Student: 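One structure is given below, represented as structure tokens, and several questions about it will come after.
So that the names make sense, note that chain A is the first sequence line, chain B the second, and so on, each numbered from 1. Values in this document were obtained by computation on a predicted structure and should not be read as measured data.
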There are 2 protein chains.
Amino acid sequence: MSVKQKHDELAALLQGAGVRPTRQRLALAAWLFDGHDKHVTAEQVHDAALKMRAHVSLATVYNTLNNFTTAGLLRQVVIDGGQIYFDTNTGDHYHIFDEEGGYLTDIPAASVPIARLPKLPQGKSLSRIDVVLRVRTSS
Amino acid sequence: MSVKQKHDELAALLQGAGVRPTRQRLALAAWLFDGHDKHVTAEQVHDAALKMRAHVSLATVYNTLNNFTTAGLLRQVVIDGGQIYFDTNTGDHYHIFDEEGGYLTDIPAASVPIARLPKLPQGKSLSRIDVVLRVRTSS
DNA sequence: ACATCCATTAGAATAGTTCTAAATTACCGC
DNA sequence: GCGGTAATTTAGAACTATTCTAATGGATGT
Ligand SMILES: [Mn+2]
Ligand SMILES: [Mn+2]
Ligand SMILES: [Zn+2]
Ligand SMILES: [Zn+2]
């Protein structure tokens, strides 16, 4: 695929989500949506942008990650206090968290079948289920 | 139950967990372990201490909550980035999080039966399962 | 091209938590 | 009880992730 084709595809992705395809957003989207699922912090995205010699400020990285999240292109995952992971996989899935390595892996929702749920509080409905399997090196 | 009996019970609880029963720790424990399960932030604990006219600095609140957690008297729950909830229920349970009100409710682990788990990474074993049901006012 | 609105940016501000180092307190053996 | 020792408390500074501010720059539609 040509460089121009890739650019146009990304621009279409952003426009389809109601996000203007600026130079900075396209540069970050090119890295985020390269076909490999990622769980990344703002700082990791910023570092990646620097390595690509794309000049994107840290403030713009935060703005962009938040925009993409609102637009449904990313979702947030919170594991530890202290930092937010942005997840390029927006499908229905759960996570394995390696407590020693500090990294996340996706697992399909169907791999953790939940037979039934408790009664929810009066007038409330389910917005999302988060499941995290925390793992460590076997003793 | 007399005030002295209550004090002695709390002191025994702390000593049993390998934590020295200082004045500050006893004051915080008296409020935390009053029989009602709580999900509280450090600031909420500090405010409660002020209302009880116990003079406990914020640094000591953090030290104490972390000590109690290490000693197995509390556990941490992370929901949003930005702040840590300390949970006085250390048993096997999951949570309902009200996204609008920002508060947590306990649910027994048995109320969300998990039929099976995916294969874990080579050499890793399960340390804990976190399940959060996020709810909102029904549309 | 023009006007308008939206995005980008550096740097300051904010918020939750941890760190530092000095003063105080709990504990243990006598 | 008394003294020695190690653990705890504390105020304030430091740290970290994130958001805010306000000024500059860029995209879009006509
Ligand atoms: Mn980071
Ligand atoms: Mn708080
Ligand atoms: Zn994921
Ligand atoms: Zn709980």
Side-chain angles (χ1 to χ4, degrees), chain A residues 7-8 10-29 39-50 52-71 73-87 102, chain B residues 7-8 10-29 39-50 52-71 73-87 102:
Chain A
H7 174 283
D8 288 353
L10 284 171
L13 177 74
L14 300 196
Q15 271 163 340
V19 175
R20 287 193 182 186
T22 65
R23 180 178 63 75
Q24 291 86 345
R25 287 170 179 170
L26 286 167
L28 298 183
H39 301 91
V40 290
T41 63
E43 201 182 315
Q44 288 171 336
V45 175
H46 190 227
D47 289 350
L50 292 184
M52 300 178 347
R53 290 180 180 63
H55 298 275
V56 183
S57 73
L58 184 58
T60 297
V61 169
Y62 275 104
N63 288 339
T64 300
L65 292 173
N66 287 330
N67 288 333
F68 284 6
T69 301
T70 302
L73 297 172
L74 292 175
R75 59 180 253 210
Q76 295 190 189
V77 183
V78 176
I79 292 288
D80 282 323
Q83 90 211 309
I84 298 169
Y85 289 88
F86 290 88
D87 190 344
Chain B
H7 174 283
D8 287 354
L10 285 171
L13 177 72
L14 299 196
Q15 271 164 341
V19 175
R20 288 192 181 186
T22 64
R23 180 177 62 73
Q24 291 86 345
R25 286 170 179 170
L26 285 167
L28 298 185
H39 301 91
V40 289
T41 64
E43 201 182 316
Q44 289 172 334
V45 175
H46 189 228
D47 289 351
L50 292 184
M52 297 175 353
R53 289 180 183 60
H55 298 275
V56 183
S57 74
L58 184 58
T60 297
V61 170
Y62 274 105
N63 288 339
T64 299
L65 292 173
N66 287 330
N67 288 334
F68 285 6
T69 302
T70 301
L73 297 172
L74 292 175
R75 61 181 253 210
Q76 296 189 192
V77 183
V78 176
I79 291 289
D80 281 324
Q83 91 212 310
I84 298 169
Y85 290 88
F86 290 88
D87 190 344

Student: Looking at the side chain of Arg23(A), which of dT9(D), dT9(C), dA7(C) is the nearest nucleotide?
Tutor: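 Nearest listed nucleotide: dT9(C).
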Student: Sequence neighbours left out, what passes salt bridge (charged side-chain N to carboxylate O under 4.0 Å, His left out) with Asp80(A)? Give chain and number order.
Tutor: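 Salt bridge (charged side-chain N to carboxylate O under 4.0 Å, His left out) list for Asp80(A), sorted by chain: empty.
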Student: Between Ala42(A) and Leu58(A), which heavy-atom pair has the shortest distance, and what is it?
Tutor: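 Where Ala42(A) meets Leu58(A) most closely, the heavy atoms are O-CD1, 4.4 Å.
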Student: Rounding to a whole Å, what distance do you find between Gln83(A):CD and dT17(C):P?
Tutor: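 In whole Å, dT17(C) P lies 14 Å from Gln83(A) CD.
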Student: For the pair made of NE2 in His55(B) and P in dT9(D), what is the distance, rounded to whole Å?
Tutor: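 So the NE2-P distance, His55(B) to dT9(D), works out to 15 Å.
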Student: Taking atom P of dG26(D) as reference, at what distance in whole Å does atom CZ of Arg25(A) sit?
Tutor: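 Value for this atom pair: 15 Å.
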Student: Which nucleotide wins on minimum distance to the side chain of Ile84(B), given the candidates dT17(C), dT8(C), dT18(C)?
Tutor: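 The closest nucleotide is dT17(C).
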Student: Would you tabulate the nitrogen or oxygen pairs shorter than 3.5 Å linking the protein to nucleotides 28-30 of chain D?
Tutor:
none

Student: Just checking Thr22(B): base, sugar-phosphate only, or nothing, at a heavy-atom cut-off of under 4.0 Å?
Tutor: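 Contact class for Thr22(B): sugar-phosphate only.
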Student: Test side chain to side chain contact (heavy atoms under 4.5 Å, CB included) on Phe86(B) and Gln76(B); report intermediate values, then the result.
Tutor: CA-CA 5 Å; Phe86(B) 290 88; Gln76(B) 296 189 192; 3.8 Å; yes
Student: Take the protein atom CG of Asn66(B) and the nucleotide atom C1' of dG16(C), then report the distance between them rounded to whole Å.
Tutor: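 Whole-Å distance recorded here is 12 Å.
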Student: Would you mind telling me which of dT17(C), dA26(C), dT10(D) lies closest to the side-chain atoms of Asn63(B)?
Tutor: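 Nearest to the side chain of Asn63(B) among the choices is dT10(D).
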Student: In this structure, how many angstroms lie between the C1' atom of dT8(C) and the CZ atom of Phe68(A), rounded?
Tutor: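 About 14 Å, once rounded to whole Å.
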Student: Under the side chain to side chain contact (heavy atoms under 4.5 Å, CB included) rule, what do Asn63(A) and Gln24(A) come out as? Steps first, then yes or no, please.
Tutor: CA-CA 11 Å; Asn63(A) 288 339; Gln24(A) 291 86 345; over 6 Å; no
Student: Measure from the side-chain heavy atoms of Ala59(A) and tell me the nearest of dA17(D), dG12(D), dA10(C).
Tutor: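 For Ala59(A), the side-chain atoms sit closest to dA10(C).
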Student: Between Leu65(A) and Val61(A), does the side chain to side chain contact (heavy atoms under 4.5 Å, CB included) criterion hold? Intermediate values first, please.
Tutor: CA-CA 6 Å; Leu65(A) 292 173; Val61(A) 169; 3.8 Å; yes
Student: To the nearest Å, give me how far apart CD (Gln24(B)) and C1' (dT9(D)) are.
Tutor: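 Result: 6 Å.
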Student: Can you find a side chain N or O atom of Thr60(B) that sits less than 4.0 Å from OP1 or OP2 on dT9(D)?
Tutor: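 Answer is no, no contact under 4.0 Å.
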Student: His46(A): which residues meet the ring-ring contact (aromatic ring centres under 6.0 Å, His included) condition with it, sequence neighbours left out?
Tutor: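 Not a single residue meets the ring-ring contact (aromatic ring centres under 6.0 Å, His included) criterion with His46(A).
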Student: Within this structure, what is the CD-to-C1' distance between Gln76(A) and dT18(D), rounded to whole angstrom?
Tutor: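 The answer, rounded to whole Å, is 11 Å.
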Student: To the nearest angstrom, how far is Tyr62(B) atom OH from dT17(C) atom P?
Tutor: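 After rounding, the gap between these two atoms is 4 Å.
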Student: Is any side-chain heavy atom of Tyr85(A) closer than 4.5 Å to one of Thr41(A)?
Tutor: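 Yes, close enough: below the 4.5 Å cut-off.
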Student: Which listed nucleotide (dA11(D), dT17(C), dT9(C)) is nearest to the side chain of Leu58(B)?
Tutor: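 Out of dA11(D), dT17(C), dT9(C), the nucleotide with an atom closest to Leu58(B)'s side chain is dT17(C).
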